[in-house]
**Student:** 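After the structure tokens below, expect a handful of questions from me.
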Amino acid sequence: MGSLFRSEEMTLAQLFVQNDSAFHCLSELGELGLVQFRDLNKDVNAFNRRYVSDIRQLEDMERCLRFLENEIEKAKINISDNGDLPDAPPPTDMIELETQFRKLESEIREINS
């Protein structure tokens, strides 16, 4: 397995992917951990980018997960870590995951107050 150290030999490639398969292609590449992406739209304002709403949604889900993790740690609940990272869920499951995270967060906040 390679690495992204500066001394490693690298190849610059440009990848064109159909919108329908972009998630699965990038997910697979990301899970390999051997790809580095370059921003080809550096001059575009962050708020005018195409996937801003998706990124905000993911950031909110991450915030919910951090909250849940903190509450688990406060309750001193032991969660075993097998070291494996799960595969990225398909986009169709993201809405259901977000709903579950928000519901759990709401319930825990209600219990705490």
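Values below: all heavy atoms of this structure, side chains included; hydrogens, waters and symmetry mates excluded. Numbers here simply count residues along the sequence, with the first being 1.
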**Student:** Who are the salt bridge (Lys or Arg N to Asp or Glu O under 4.0 Å) partners of Arg102, not counting sequence neighbours?
**Tutor:** Asp60, Glu98
**Student:** Give the cluster check for Val35 versus Leu15: same hydrophobic cluster or not, with ILVMFWY residues linked at side-chain heavy-atom distances below 4.5 Å.
**Tutor:**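 Yes, same cluster.
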**Student:** Go through the structure and list residues passing salt bridge (Lys or Arg N to Asp or Glu O under 4.0 Å) with Arg66, not counting sequence neighbours.
**Tutor:** Glu62
**Student:** Under the side chain to side chain contact (heavy atoms under 4.5 Å, CB included) test, which residues partner Asn48, sequence neighbours left out?
**Tutor:**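 Residues passing side chain to side chain contact (heavy atoms under 4.5 Å, CB included) with Asn48: Val44, Asn45.
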**Student:** May I ask whether Leu58 and Leu97 are part of the same hydrophobic cluster, defined by side-chain heavy atoms of I, L, V, M, F, W, Y residues being less than 4.5 angstrom apart, directly or through others?
**Tutor:** yes
**Student:** Which residues pass the side chain to side chain donor-acceptor pair (under 3.5 Å) test with Lys74, not counting sequence neighbours?
**Tutor:**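 For Lys74 the side chain to side chain donor-acceptor pair (under 3.5 Å) partners, ignoring immediate neighbours, are Glu71.
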**Student:** First locate atom CG of Asp20, then atom NE2 of His24, and finally report the distance between them rounded to the nearest 0.5 Å.
**Tutor:**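 Reported to 0.5 Å precision, the distance equals 9.5 Å.
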**Student:** Under the salt bridge (charged side-chain N to carboxylate O under 4.0 Å, His left out) definition, can you give me all pairs with a residue in residues 104-113, not counting sequence neighbours?
**Tutor:** Arg63-Glu105, Glu105-Arg109
**Student:** So with a 6.0 Å cut-off around CD1 of Ile77, is the heavy-atom count from everything else above 12?
**Tutor:**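 Check passes, neighbour count above 12.
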**Student:** Name all residues meeting the side chain to side chain contact (heavy atoms under 4.5 Å, CB included) criterion together with Asp93; count only those two or more places apart in sequence or in a different chain, and write none if there are none.
**Tutor:** Pro89, Pro90
**Student:** Out of curiosity, Ile108 CD1 to Ser113 OG, how far, rounded to the nearest 0.5 Å?
**Tutor:**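 Answer for the CD1-OG pair, Ile108 versus Ser113, is 12.0 Å.
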**Student:** Heavy atoms, side chains only, cut-off 4.5 Å: are Val17 and Leu26 in contact?
**Tutor:**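 They are not in contact (no side-chain heavy atoms under 4.5 Å apart), so the answer is no.
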**Student:** Find out whether Ile55 and Arg49 are in side-chain contact, i.e. whether some heavy atom of one side chain is under 4.5 Å from a heavy atom of the other.
**Tutor:** no
**Student:** Hey, could you give me the CG/CZ distance between Leu68 and Phe101, rounded to the nearest 0.5 Å?
**Tutor:**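 Between atom CG of Leu68 and atom CZ of Phe101 there are 7.5 Å.
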**Student:** Under the rule for side chain to side chain contact (heavy atoms under 4.5 Å, CB included), what residues qualify as partners of Ala88, not counting sequence neighbours?
**Tutor:**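 By the side chain to side chain contact (heavy atoms under 4.5 Å, CB included) rule, Ala88 matches Phe23, Ser27, Glu31.
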**Student:** Could you tell me which residues satisfy side chain to side chain contact (heavy atoms under 4.5 Å, CB included) with Asp54, sequence neighbours excluded, listed by chain and number?
**Tutor:**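 With sequence neighbours excluded, Asp54 shows a side chain to side chain contact (heavy atoms under 4.5 Å, CB included) to Tyr51, Gln57, given in chain and number order.
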**Student:** As an exercise, state the distance from CG of Leu104 to CZ of Phe67, rounded to the nearest 0.5 Å.
**Tutor:**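 If we round to the nearest 0.5 Å, Leu104:CG and Phe67:CZ are 10.0 Å apart.
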**Student:** Glu69: which residues meet the salt bridge (Lys or Arg N to Asp or Glu O under 4.0 Å) condition with it, sequence neighbours left out?
**Tutor:** none
**Student:** Please output the side-chain donor-acceptor pairs of residues 78-87 that fall under 3.5 Å, not counting sequence neighbours, one pair per line with the distance.
**Tutor:**
unit_1, atom_1, unit_2, atom_2, d
Asp81, OD1, Gly83, N, 2.9
Asn82, OD1, Asp84, N, 3.0

**Student:** Which residues pass the salt bridge (Lys or Arg N to Asp or Glu O under 4.0 Å) test with Lys42, not counting sequence neighbours?
**Tutor:** none
